[in-house]
Amino acid sequence: MGITKNVILFPFMAQGHLIPFMQLAQLIDHRKGYSVTVVNTPSNIRTLRASLPSTSSVHLVDLTSPGGPENTDAITHDEFYSFIQSIELSIRPSFRRLVSDAIAADPENPPCIISDVVLGWTVEVAEELGVFHAFFLPIGAYGSAVFHSLWTQRPYAWTDSDELVLPNRPNIRVHRTQISPMLLHGDDDDPGFKNFRRQMILSSKSSGILINTAKEFESVGVEFMEVQTGTPIWPIGPITRCVTNSPSSGNACIEWLDQHAPASVLYISFGSENAISAPQMMELAMGLEASETGFIWVVRPPVGFDFKGEFRAEEWLPKGFEERMREKNRGILIRGWAPQLEILSHASTGGVLCQCGWNSVLESLSNGLAMIGWPLWAEQYFTCKMLVEEVGVCVEVARGNESVVERGHVERIVRSVMDGGKGREMRRKAREIGKVLREAVGEGGASVRAMDEFLVKAVE
Ligand code: UDP
């Protein structure tokens, strides 16, 4: 009987990271000769256990609770850096113990670790215990490379036009407004900020980085990432979603979509972590109404309010907006968690307005949808930049949740993407990319071969 390699996966505690890590877990677990253990905080493990198919043989193990918030759902942006720090402090000892126990149980066949890039310190544990370590990036190569460059090149040397020239890619310029305020205005002496920078620096120290992208789609980003980190890169994506960890709101919105013309509806969501401001929300609603486009909008309370709290339409949206849109059969609001994949794959959906979170980008392009970008956080600004400048499937409508957004601007962009020739051309390109993405993970595809190569390396 052949040896079974134990692969320990350690995702960061945010939805946008847990979901693709679970996809990766299933993918490796389905291969002969590997068993997979996913580790995380107790509350996340409970949720993952409830959503994992009963047929799955992925092991789920909880590590010591940090004694505070156990995932990013429970923290604000201001608490983000200190959360990363507290996770390392509280979980590092139990993670180290788990790995060293696994080594002691079978010294001839030690486990290998694949962890989240935000948990850079795991590479130190692996080095100390002498086991193979790689990172998995659930975000795109281009966005990751720019993000890595910005974190490692502080303090910034601005050009006269308020841009940064990236040392490893002088042809890529980043404008001041494309850097999220948390990074731009971060205090280099703040312990939490410093610690996050350390994680970024550590991300170049492992044996390589798996990225949830396809080389043919993101060749510029993959090459940039190789140069930027100096480590081997394995583009193994897109790995598609196979578990969701929240109940969807059922079929009501799918039935609503059934009543609409092909490619006529715009889906709007800002992901699982971010919200826009109350004034922005008001202008977005008015612009949408003026555009006369059909829409499904996943609404969350604006910045400054409880993200998971009740959505008060009468307070944050124009008077009578929701009722008017419903009566005219023009648009619906979804409170809570939307069945995003089902909506995006519906023939009536023609476009997506989103924060350019990587999962949403892959899901949109896989379904051949034109995009309207409104980046809000971290690498989303650069993902949006790439989709607009390099790929041509996206128009940026706004940046961040502090900018002034004007309804007429929203209306013009929504119309041009949903009605005009520009939108048709963007959908054509998106369909082409969708094909590239499917081929990459199809039989003999480049991403499947990259995964084969990686696994060989991991057991060597
Ligand atoms: N998602 C969903 N319903 C929602 C909001 C998000 O199914 O109401 C899913 C979405 O399909 C994607 C993930 O949650 O797979 C969000 O990841 P992404 O990288 O787009 O953004 P993040 O939430 O990390 O900002």
Side-chain angles (χ1 to χ4, degrees), residues 11-24 26 44 47-48 51 71-77 80 83 116-118 136-144 147 180 182 211-213 237-254 257 266-276 295-301 303 307-308 311 332-346 349 352-367 369 371-384 386-387 394 400-401 437:
F12 179 55
M13 300 77 188
Q15 292 299 340
H17 294 235
L18 289 161
I19 295 171
F21 260 86
M22 288 309 289
Q23 293 156 11
L24 179 63
Q26 307 257 45
N44 283 344
T47 323
L48 293 176
S51 63
N71 58 48
T72 53
D73 293 355
I75 62 158
T76 64
H77 279 181
F80 182 74
F83 175 68
D116 205 297
V117 79
V118 181
F136 171 53
L137 274 179
I139 49 183
Y142 184 101
S144 304
F147 195 58
S180 79
M182 272 186 65
I211 306 191
N212 190 13
T213 196
I239 45 182
T240 49
R241 178 132 57 112
C242 45
V243 287
T244 54
N245 54 3
S246 297
S248 78
S249 58
N251 288 329
C253 60
I254 303 301
L257 277 170
L266 179 68
Y267 171 74
I268 305 165
S269 167
F270 294 99
S272 62
E273 303 273 323
N274 290 286
I276 54 176
F295 66 86
I296 292 180
W297 182 357
V298 187
V299 285
R300 309 240 190 260
V303 175
F307 186 72
K308 293 215 156 164
F311 183 80
I332 50 171
L333 306 183
I334 297 186
R335 291 166 167 80
W337 196 253
Q340 181 163 314
L341 275 188
E342 287 85 338
I343 294 172
L344 298 189
S345 57
H346 195 286
T349 307
V352 175
L353 189 162
C354 73
Q355 86 292 17
C356 297
W358 192 244
N359 297 299
S360 296
V361 168
L362 291 178
E363 291 162 11
S364 303
L365 295 179
S366 298
N367 285 293
L369 300 173
M371 300 185 66
I372 300 178
W374 186 331
L376 291 172
W377 166 254
E379 86 299 336
Q380 292 165 2
Y381 292 79
F382 322 123
T383 299
C384 184
M386 172 188 86
L387 295 173
C394 182
N401 52 26
L437 294 176

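One-based numbering along the sequence shown. Note that ligands are numbered from 1 as they come in the structure, with each ligand's atoms numbered from 1 the same way.
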Under a 4.0 angstrom heavy-atom cut-off, which atoms of ligand 1 come close to [X]?
X      : result
Ser272 : 22 (P), 23 (O)
Gln355 : 18 (P), 20 (O), 21 (O), 22 (P), 25 (O)
Asn359 : 12 (C), 15 (O), 17 (O), 18 (P), 19 (O), 20 (O)
Ala338 : 2 (C), 3 (N), 4 (C), 7 (O), 8 (O)
Gly16  : 24 (O)
Val298 : 8 (O)
Gly271 : 23 (O)

Region of [X] engaging ligand 1 - heavy atom pairs below 4.0 Å:
X      : result
Gln380 : side chain
Arg300 : side chain
Trp337 : both

> N/O of Gln340 under 3.5 Å from N/O of ligand 1, yes or no?
Replying inline: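 Yes: some nitrogen or oxygen of Gln340 is under 3.5 Å from one in ligand 1.
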
>> Glu363 versus ligand 1: do any nitrogen or oxygen atoms come within less than 3.5 Å of each other?
In response: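 Between Glu363 and ligand 1, an N or O pair is found under 3.5 Å apart.
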
> What closest approach, in Å, do Gln15 and Ser272 show between heavy atoms, and which atom pair accounts for it?
Replying inline: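 That closest heavy-atom pairing would be CB-OG, 3.4 Å.
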
> Can you name the nearest heavy-atom pair linking Pro238 to Asn212, along with the distance?
Replying inline: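 Shortest heavy-atom separation between Pro238 and Asn212 comes out as CA-OD1, 3.2 Å.
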
Considering only heavy atoms from C-beta outward, does the side chain of [X] approach that of [Y] to under 4.5 Å?
X      : Y      : answer
Trp358 : Thr213 : yes
Leu137 : Phe147 : no
Ile254 : Ile343 : yes
Asn274 : Asn401 : no
Asp73  : Phe307 : no

> Angle class for the His77/Trp377 ring planes (parallel below 30°, perpendicular above 60°, tilted otherwise)?
Replying inline: parallel

